[in-house]
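Report on the following structure.
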Amino acid sequence: AKYDTLRNGVINMISYIKSRGFEIIEDYSLDDPLGCFDGEDTLICSICLEEITNSKVTLILCPHCKKYVGHMLCLVEWLQNKNSCPLCRA
């Protein structure tokens, strides 16, 4: 039951983020660059500024600037308070 609650919470966050126009790529390998990190070797959440250390991440891209935005939970909290991308403000 605990796992189902967590899974449903993640599904709800993904649906919310997609409804705001952001692209989500699940299980993205940091070893396979997409060109959305400005040539950086590491990913940094643009909201909390923490480095992403997992080898597989859920990649969230802004529909306007096409750059990695940050942690899923950070973005959900951001979008509840602001109506723009934390990077390009579009």
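Only heavy atoms go into these numbers, but all of them, side chains included; no hydrogens, no water, no symmetry mates.
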Any donor-acceptor pair under 3.5 Å linking the side chain of Tyr68 with the backbone of Gly70?
yes
For the atom pair CG (Leu75) and SG (Cys48), what is the distance rounded to the nearest 0.5 Å?
11.5 Å
Treating Ile, Leu, Val, Met, Phe, Trp and Tyr as nodes and any side-chain heavy-atom pair under 4.5 angstrom as an edge, say whether Ile52 and Leu73 lie in one connected cluster.
no
Value for NE2 (His64) from CZ (Phe22), rounded to nearest 0.5 Å, stands at 7.0 Å
Linked, directly or transitively: Leu59 and Ile44 (ILVMFWY side chains, under 4.5 Å)
no
Nearest 0.5 Å please: distance from the NE2 atom of His71 over to the CD1 atom of Ile60.
9.5 Å
Atom pairs and distances, side-chain donor-acceptor, residues 77-89, under 3.5 Å, sequence neighbours left out:
{"from": "Trp78", "atom 1": "NE1", "to": "Ser84", "atom 2": "O", "distance (Å)": "2.7"}
{"from": "Asn81", "atom 1": "ND2", "to": "Glu77", "atom 2": "O", "distance (Å)": "3.1"}
{"from": "Asn83", "atom 1": "OD1", "to": "Arg20", "atom 2": "NH2", "distance (Å)": "2.3"}
{"from": "Arg89", "atom 1": "NH1", "to": "Pro86", "atom 2": "O", "distance (Å)": "2.8"}

Which is it for Thr58 and Asp27 under the side chain to side chain contact (heavy atoms under 4.5 Å, CB included) test, yes or no, and what are the steps along the way?
CA-CA 5 Å; Thr58 298; Asp27 294 326; 5.8 Å; no
Using the side chain to side chain contact (heavy atoms under 4.5 Å, CB included) rule, take Leu61 and Lys67 through it: C-alpha gap first, then chi angles, then the decisive distance, then the call.
CA-CA 5 Å; Leu61 304 178; Lys67 298 204 183 296; 6.0 Å; no
Any chain of hydrophobic side-chain contacts (each under 4.5 Å) joining Ile24 to Val10?
yes
Measure the spacing between CD1 of Ile17 and CD of Glu23 and express it to the nearest 0.5 Å.
12.5 Å
